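The next block holds one structure in the form of structure tokens; read it before the comments.
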Amino acid sequence: PLACAPAAENFQQFYMGATEAPALEVEVVGASHMSFLDNPDCGLSCSVCPKGSDNPFTTQMLTKRYLTAFLKVTLEDDEAYRTWLTGDEMLNDVSEGLVIGDWKNGF
């Protein structure tokens with residue numbers, strides 16, 4: 001199958017390339033490139049990308065959660081949201097098999 005997010009150019013490559021700056025990686029387990037679309041059945045252009053094994057509704061909910069927490073921490077210095085990125089809330093999602101998370105360089 002065609003890779004819509006080729007391994008050589010995906011988010012994991014950006015994370016690995018962060019050698020000095022603080023970095024955070026959150027992977028939604030089972031999600032594919034198509035999981036993040038409001039309408040993954042959008043016709044011919046969407047049919048070339050394989051669907052993930054995830055529930056897209058759950059993937060989108062998790063994405064909103066982590067994006068909100070990331071923006072609150074990095075733009076507003078609101079440390080109360082850090083638990084969703086590197087603390088107990090993230091670890092709960094990891095233990096439930098929803099996400100894989102990692103951080104480095106002082107994130």
Side-chain angles (χ1 to χ4, degrees):
L2 178 66
C4 291
E9 302 169 3
N10 68 12
F11 70 98
Q12 292 159 327
Q13 299 304 314
F14 286 101
Y15 181 73
M16 288 189 313
T19 58
E20 295 179 23
L24 172 70
E25 178 182 46
V26 179
E27 177 179 353
V28 179
V29 175
S32 75
H33 190 72
M34 303 307 294
S35 301
F36 301 92
L37 297 178
D38 288 333
N39 179 10
D41 299 315
C42 62
L44 180 62
S45 60
C46 292
S47 67
V48 298
C49 297
K51 292 183 180 179
S53 61
D54 64 322
N55 175 330
F57 176 79
T58 301
T59 294
Q60 292 170 17
M61 181 267 307
L62 290 165
T63 301
K64 291 173 189 173
R65 176 188 298 169
Y66 284 100
L67 183 57
T68 298
F70 178 80
L71 293 173
K72 293 292 274 185
V73 169
T74 59
L75 297 179
E76 296 181 5
D77 290 325
D78 190 339
E79 290 298 315
Y81 284 83
R82 190 169 290 276
T83 187
W84 291 101
L85 304 175
T86 61
D88 288 343
E89 298 298 341
M90 159 80 78
L91 295 176
N92 287 339
D93 286 345
V94 170
S95 69
E96 290 182 24
L98 297 173
V99 301
I100 298 168
D102 195 19
W103 52 91
K104 63 184 180 180
N105 306 329
F107 185 86

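Values below: all heavy atoms of this structure, side chains included; hydrogens, waters and symmetry mates excluded. The model shown is predicted, which means the values in this text are computed figures rather than measured ones.
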Table please: side-chain donor-acceptor pairs of residues 98-107 below 3.5 Å, with sequence neighbours left out.
{"unit_1": "D102", "atom_1": "OD2", "unit_2": "Y15", "atom_2": "OH", "d": "3.1"}
{"unit_1": "K104", "atom_1": "NZ", "unit_2": "Y15", "atom_2": "O", "d": "2.8"}
{"unit_1": "K104", "atom_1": "NZ", "unit_2": "A18", "atom_2": "O", "d": "3.1"}
{"unit_1": "N105", "atom_1": "ND2", "unit_2": "A18", "atom_2": "O", "d": "3.1"}
{"unit_1": "N105", "atom_1": "ND2", "unit_2": "A21", "atom_2": "O", "d": "2.8"}

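- Residue pairs meeting the salt bridge (Lys or Arg N to Asp or Glu O under 4.0 Å) criterion with at least one member in residues 57-69, sequence neighbours excluded, are R65-D93.
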Would Y66 and M90 count as a side-chain contact (heavy atoms from CB on, under 4.5 Å) here? Give the steps.
CA-CA 9 Å; Y66 284 100; M90 159 80 78; 3.9 Å; yes
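- Residues L85 and L91 are members of separate hydrophobic clusters, defined by side-chain heavy-atom contacts under 4.5 angstrom among Ile, Leu, Val, Met, Phe, Trp and Tyr.
- F11 CZ: more than 12 foreign heavy atoms inside a 6.0 Å radius.
- The minimum heavy-atom distance linking D54 with S32 is given by the pair OD1-N, 4.3 Å.
- Taken together through direct or relayed side-chain contacts under 4.5 Å among Ile, Leu, Val, Met, Phe, Trp and Tyr, L75 and L67 form part of one hydrophobic cluster.
- When all heavy atoms are compared, the tightest approach of S35 to T59 is CB-CG2, 3.9 Å.
- Under a hydrophobic clustering in which Ile, Leu, Val, Met, Phe, Trp and Tyr are joined whenever their side-chain heavy atoms come within less than 4.5 Å, directly or via other members, L24 and V29 fall into different clusters.
- Under the salt bridge (Lys or Arg N to Asp or Glu O under 4.0 Å) criterion, the residue pairs touching residues 79-89 are E79-R82, with sequence neighbours excluded.
- Using a 4.5 Å cut-off between side-chain heavy atoms of Ile, Leu, Val, Met, Phe, Trp and Tyr, with links allowed through other members, M34 and L62 fall into different hydrophobic clusters.
- Under the 3.5 Å distance criterion, the side-chain polar atoms of Q60 are matched with a main-chain donor or acceptor of L37.
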